[in-house]
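Heads up: the structure comes next, in structure tokens.
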Number of protein chains: 2
Amino acid sequence: MPRRATIIEVAREAGASKTSVSRYFAGERDKLSPALCKRIAAAALRLDYRPNQMARGLKAGRSRLIGMLVADIRNPFSVAVMHGVERACREQGLALLVCNTDNDPELERTHLALMSSYQVEGLVINASGSPDAELQALTGQGLPLVLLDRELSAVQADLVGLDNTRALDLALDHLAEQGYAELLYLSEPPERASPRRERLAHFQAGLATRRLSGEAYTMSGSDKELQRAIKAFLTRSGLERSGNTPRALLCANGAVTLAATRALQRLGVRLGETGLMGIDELDWCALIAPGITTLAQPTEAIGRQAVASLLANSVSQTAVEPRQHRFEPRLIARGSTRLTG
Amino acid sequence: MPRRATIIEVAREAGASKTSVSRYFAGERDKLSPALCKRIAAAALRLDYRPNQMARGLKAGRSRLIGMLVADIRNPFSVAVMHGVERACREQGLALLVCNTDNDPELERTHLALMSSYQVEGLVINASGSPDAELQALTGQGLPLVLLDRELSAVQADLVGLDNTRALDLALDHLAEQGYAELLYLSEPPERASPRRERLAHFQAGLATRRLSGEAYTMSGSDKELQRAIKAFLTRSGLERSGNTPRALLCANGAVTLAATRALQRLGVRLGETGLMGIDELDWCALIAPGITTLAQPTEAIGRQAVASLLANSVSQTAVEPRQHRFEPRLIARGSTRLTG
DNA sequence: TTGTACGCGTTATCAT
DNA sequence: ATGATAACGCGTACAA
């Protein structure tokens, strides 16, 4: 079983020294005689040599490795952001170590330790729980860190994510314009995830100025219960005006949109007549007749910014004030928020 | 900027030698006196020490790193399999280096080189192109390799994926049972991806015994063209019998199902009356009224088997005959293959 | 321009 | 039971 070739073997094969070979692969070929360059190139090719990143990293103290902690890898939004992160890493010659935590705080800690042991040079965190202590320890060691989407109060780090204020302004404006007057905001439990809290808060704050009435429902995970809640919202008599005022559902993210759509179908509700709008664009939103209105996040840009922030923080060793990078969502209006007249 | 603590610092802090600390973390605590154990544990905790995997890997020649090459990270099927791979790795104490190639053969080569340079101990490959030469070189170096879903003729390695014969038997049986007589098989270009070829071949082979008539259409990427093709299929006069025989579409994978659904909606076709069935279960398939019938792949199991194969091949150094692990799909029957009336 | 020698953090070998 | 030392593959002063 032939092992990988080492730099020494290449040197021998090329009739040169380690140093020259090392220089050759470090991109300092201009400091080598053309003849030597050729010999090294030939030898490396013959032996299929590739510098050992482990040894390289050990020596240089840098692994060229970026770690990404994802709360739920099966969430299309996370994957889309990851795609952006990956592209940005590639452009920087960095490799990406991805860890999925399935929303398990325990796993989160384990994976954090794992990535740290691989000497990652930066960490992109989409945390489910709050491994504050662990993260603080890592930042304390000077490890650049970027929070994705979800904020962690105790951790001093850049945050990149959606402009939730803008998102809810956009959503409420759109729903109001379309003539919906009573809203039900659907969300997963907002306790631990900051975007959920922010969105909920801005939902409630934005109602009054638009003369909307609204309330919020927190999903427990049971489809049936959600269905009941929606039904109650839709069937009770109007609040503000007499008669039936147009009503709409606003979903805090893609997972909620999915659940809500399922529930509405079971209830036999006609979309549009009852409004439906969601944050996060998914590839099936256009397919549910007459199309579900969404706010699309610029996932690619978010991912790229995460890496950019990481890099910025790793050059300036001085602890800079954490920055926030908030991205604007894009409204994709479809039939589910068009009152059939 | 405080660096990571090293084994030497822990040794000093604990008043012990490097060797003992190393033993402690290598799990050989039974060979140490309880007192020393305690001192080391305390020191390590105080310094937040974690063994440097880079150095470990350099010394031991093993990185505890598995590489996974994914053709399209935004494909939910790939992500689901990756989830399985990740879980299996975790159970083995392995870390997973994920590389997405966006179906770009060039990137594929780059990423292969990258992972190789990180001394990955195994490679799970879901190739878009055919980097045969590169892969052969890697296997030649004794690197365990598993092909996921897509076969590569020139590479001698285990393959794990769907039992495509069984899948098409299941699909054709179901469609025939439901009363559809003329089928249109929709696929992406089958040239380079082996599952596409296999499925297409088994589709055509399975028609006769079930007295079905069928033809295949290869998507070019243009939605309009697909729509035209479907329309032509649906509107032309019956082939086998006079009058209108029930017709159905069979989609080779999730991406095709998405495109086909879009096209059918544009055409204003009623699902069920015109059959629709797809390979790959997606979370929106239940939502498109009256539900899209699918064949679900056991993605988690596939991912786990990939890692299992890798491990098996890495213990038995002798080049074993490549094995194939074919998994059965599960039929999820919904309204899209129920003839109304 | 090219080569020598040392050290990165760890583990394995050999001694004590 | 514990410790000293060499090596893993590489980069880099420094010397030539």
Side-chain angles (χ1 to χ4, degrees), chain A residues 2-41 43-44 47-65 93 114 116-121 141, chain B residues 1-41 43-44 47-65 93 116-121 141:
Chain A
R3 270 177 32 273
R4 307 271 329 239
T6 79
I7 199 171
I8 297 190
E9 291 160 358
V10 176
R12 187 171 24 228
E13 175 89 5
S17 73
K18 288 197 329 178
T19 312
S20 299
V21 180
S22 175
R23 287 208 179 109
Y24 179 87
F25 282 99
E28 303 174 17
R29 305 183 194 188
D30 47 344
K31 295 184 180 176
L32 301 178
S33 72
L36 228 200
C37 267
K38 281 220 150 157
R39 279 176 11 235
I40 294 178
L47 272 51
D48 189 32
Y49 169 75
R50 235 180 296 289
N52 183 330
Q53 278 293 345
M54 291 286 170
R56 222 182 238 222
L58 181 58
K59 180 66 183 146
R62 55 195 329 224
S63 59
R64 307 303 293 159
L65 223 43
L114 178 83
S116 155
S117 78
Y118 276 97
Q119 315 296 106
V120 293
E121 295 181 30
Q141 288 169 191
Chain B
M1 169 181 150
R3 271 176 32 272
R4 306 274 328 245
T6 77
I7 200 172
I8 298 192
E9 292 160 356
V10 176
R12 190 173 20 230
E13 176 89 6
S17 72
K18 294 197 315 180
T19 310
S20 299
V21 179
S22 175
R23 288 209 177 103
Y24 179 87
F25 282 99
E28 303 173 17
R29 307 185 192 187
D30 47 343
K31 297 185 178 174
L32 301 179
S33 72
L36 227 200
C37 268
K38 281 219 151 163
R39 268 157 42 219
I40 293 178
L47 271 49
D48 190 32
Y49 168 75
R50 235 180 297 290
N52 182 331
Q53 279 292 346
M54 291 283 169
R56 229 178 222 208
L58 180 59
K59 179 67 182 141
R62 53 194 331 223
S63 59
R64 307 303 294 158
L65 221 45
S116 155
S117 77
Y118 276 98
Q119 315 296 106
V120 294
E121 294 180 30
Q141 287 168 194

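Letters A, B, ... mirror the listed sequences (proteins, then strands); counts begin at 1.
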Query raised in the report: Shortest non-hydrogen contact from B:L58 to A:A55?
Result: CD1-CB, 3.6 Å

Report task. Identify the heavy atoms of B:Q53 and B:S63 that sit nearest to each other, and give their distance. Result -> OE1-O, 4.2 Å

**Report entry** Nearest non-hydrogen partners of B:Y49 and B:I7, listed with the distance
**Finding:** CE1-N, 3.5 Å

Report task. May I ask you to verify whether the side chain of A:K18 and the base of C:dT4 hold a donor-acceptor pair under 3.5 Å? Result -> no

Query raised in the report: Within less than 4.0 Å of OP1 or OP2 of C:dT11, is there a side-chain N or O belonging to B:T19?
Result: no

Query - Value in whole Å for how far the C1' atom of C:dG3 lies from CZ of A:R12 - result: 16 Å

Query raised in the report: What does A:L58 touch in the nucleic acid at a heavy-atom separation under 4.0 angstrom: a base, only the sugar-phosphate, or nothing?
Result: base

Report task. Give a yes or no on whether the backbone of A:A14 and the side-chain of A:R39 come within a donor-acceptor separation of less than 3.5 Å. Result -> yes

**Report entry** Between P of C:dG9 and CD of A:Q119, the distance in whole Å
**Finding:** 9 Å

Report task. Give one of base, sugar-phosphate or nothing for B:T6, where a contact means two heavy atoms less than 4.0 Å apart. Result -> sugar-phosphate

Query - Separation of atom CD in A:E28 from atom C1' in C:dT1, rounded to whole Å - result: 13 Å

Query raised in the report: So which one's nearest nucleotide on DNA chain C is more toward 5', B:K59 or A:G15?
Result: A:G15

Query raised in the report: Want to settle it: does B:P34 or A:I8 sit nearer the 5' end of DNA chain D, counting the closest nucleotide to each?
Result: B:P34

Query raised in the report: To the nearest angstrom, how far is B:K31 atom NZ from C:dA12 atom P?
Result: 10 Å

Report summary line: Under a 4.0 Å heavy-atom criterion, DNA chain D is touched by chain A from D:dG9 to D:dC14

Query raised in the report: Whole-Å distance between C:dT2 C1' and A:D30 CG?
Result: 15 Å

Query - Value in whole Å for how far the C1' atom of C:dG7 lies from CE of A:M54 - result: 19 Å

Query raised in the report: To the nearest Å, how far apart are B:I7 CD1 and C:dG7 P?
Result: 18 Å

Requested in this report: Nearest whole angstrom, please: distance from the P of C:dT10 to the CZ of A:R56.
Outcome: 21 Å

Requested in this report: Please tell me if the side chains of A:M54 and B:L65 come closer than 4.5 Å, counting only heavy atoms from C-beta onward.
Outcome: yes

Query raised in the report: Do the side chain of B:R29 and the main chain of B:Y24 share a donor and acceptor less than 3.5 angstrom apart?
Result: yes

Report task. Report yes or no: does A:R4 contribute a side-chain atom to a donor-acceptor pair with the main-chain N or O of B:Q119 at less than 3.5 Å? Result -> no

Query raised in the report: Is B:Y49 touching bases, backbone alone, or none of the nucleic acid, heavy atoms closer than 4.0 Å?
Result: sugar-phosphate

